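Data block below; observations after.
Letters A, B, ... mirror the listed sequences (proteins, then strands); counts begin at 1. Bear in mind the structure is a predicted one, so any value in this text is a computation, not a measurement. Worth knowing before you read on, the calculation uses all heavy atoms, side chains too, and leaves out hydrogens, waters and symmetry mates.
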Protein chains: 2
Amino acid sequence: MPQDQLSRVFSALADPTRRDMVARLAATDATVGELAAPYDISLQAVSRHLRVLGDAGLVTRTRQAQRRPVHLEAEVFDLMTKWLERYRREADERYRRLDAVLGEMDDATPDPQEDHAP
Amino acid sequence: MPQDQLSRVFSALADPTRRDMVARLAATDATVGELAAPYDISLQAVSRHLRVLGDAGLVTRTRQAQRRPVHLEAEVFDLMTKWLERYRREADERYRRLDAVLGEMDDATPDPQEDHAP
DNA sequence: TACATTCTCAACCACTTGGTTGAAGAAGCG
DNA sequence: CGCTTCTTCAACCAAGTGGTTGAGAATGTA
């Protein structure tokens, strides 16, 4: 069950509620109650969403009286960006290299040539 | 059940096997059998992984005799990059001007189903 | 101390996910 | 046509997820 961090991060962001939380936390820190306000789910559910974000390293918590303010950790985004950039660039280059037809299905005489670059 | 695409994309990439497939597909197209080779799981499982990637818009399939070559669609990465860049930058700026006002929630009450989008 | 506020833990439940095996569809070859 | 190759569909199962409610921990306040 100990997934790698990248998996945890992607998994955490696969939920719209959690993405929305991240979006709001990018603007400012917030407490659990504040974060929960807009949603129609229980405080406990929000708390658990935050635990998922925390496990992914996307947020950290502190203590402020009874409150547990949540803070977005931007560094983790770099991890994702790094992964993304690498493969996006590779695919992009490859796309640029072959000047034909991918994705277009309207060819009447489909004679798929090899698209391997020389 | 019809999740938004961003959720499907993040969810698809939350699996290490699928991320590895994407990585390999960034180099070149491949058939199901070719993709399956390195992994110790059934061909059917690989086929289903590819369906997940396909539903997320990350790959497309064509037909080549009995084979169904898989092609990586780089455009979807832009979607993620856009999302990432936006909030990473916001958090970065905020980090830079580290005034950190807690408890200062603005009036934004977003619908959890929708991402923060302009 | 007693009480209110804020948040988390625990148990439960419906649904999804990622794997399995067996059967079947689709295309080429003898 | 029957047989082989490549791939998907279907049914099943264990484990995970996201919600619920109820209890309780942690802290500040009267």
Euclidean distance, atom [atom1] of residue [X] to atom [atom2] of [N] [Å, nearest integer]:
{"X": "A:Asp40", "N": "D:dG19", "atom1": "CG", "atom2": "P", "value": "11 Å"}
{"X": "B:Met21", "N": "C:dG18", "atom1": "CE", "atom2": "P", "value": "11 Å"}
{"X": "B:Leu50", "N": "C:dG18", "atom1": "CG", "atom2": "C1'", "value": "14 Å"}
{"X": "B:Glu34", "N": "D:dT7", "atom1": "CD", "atom2": "C1'", "value": "13 Å"}
{"X": "B:Gln3", "N": "C:dC15", "atom1": "CD", "atom2": "C1'", "value": "12 Å"}
{"X": "A:Ile41", "N": "D:dT17", "atom1": "CD1", "atom2": "P", "value": "16 Å"}
{"X": "B:Gln66", "N": "D:dC6", "atom1": "CD", "atom2": "P", "value": "7 Å"}
{"X": "A:Tyr39", "N": "D:dG18", "atom1": "OH", "atom2": "P", "value": "14 Å"}

Aromatic plane relationship, A:Phe10 with A:Trp83 - under 30° parallel, 30 to 60° tilted, over 60° perpendicular: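 Correct class here is perpendicular.
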Does the side chain of [X] get closer than 4.0 angstrom to OP1 or OP2 of [N] through an N or O atom?
{"X": "A:Arg18", "N": "D:dG18", "value": "yes"}
{"X": "A:Arg63", "N": "D:dT27", "value": "yes"}
{"X": "B:Ser47", "N": "D:dT7", "value": "no"}
{"X": "A:His49", "N": "D:dG19", "value": "yes"}
{"X": "A:Thr31", "N": "C:dC7", "value": "yes"}
{"X": "B:Arg61", "N": "D:dT8", "value": "yes"}

Identified side chain to side chain contact (heavy atoms under 4.5 Å, CB included) partner of B:Leu72 from the options B:Thr28, B:Thr60, B:Leu25: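 Per the side chain to side chain contact (heavy atoms under 4.5 Å, CB included) rule, the option paired with B:Leu72 is B:Leu25, out of B:Thr28, B:Thr60, B:Leu25.
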Quiz item: B:Gln44 side-chain donor-acceptor pair to C:dG18 base, under 3.5 Å: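 By the distance-only test, no, there is no pair.
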Check: A:Arg68/A:Ser47 side-chain N/O donor and acceptor closer than 3.5 Å: no
Whichever of B:Ala65 and A:Arg48 has its nearest DNA chain C nucleotide further upstream toward 5':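 Looking at DNA chain C, the more 5' nearest nucleotide goes with A:Arg48.
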Under-4.0 Å salt bridge between B:Asp78 and B:Lys82: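 Salt bridge absent between B:Asp78 and B:Lys82.
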Over all atoms of both residues, closest heavy-atom pair of A:Val46 and A:Ala36: CG2-CB, 3.6 Å
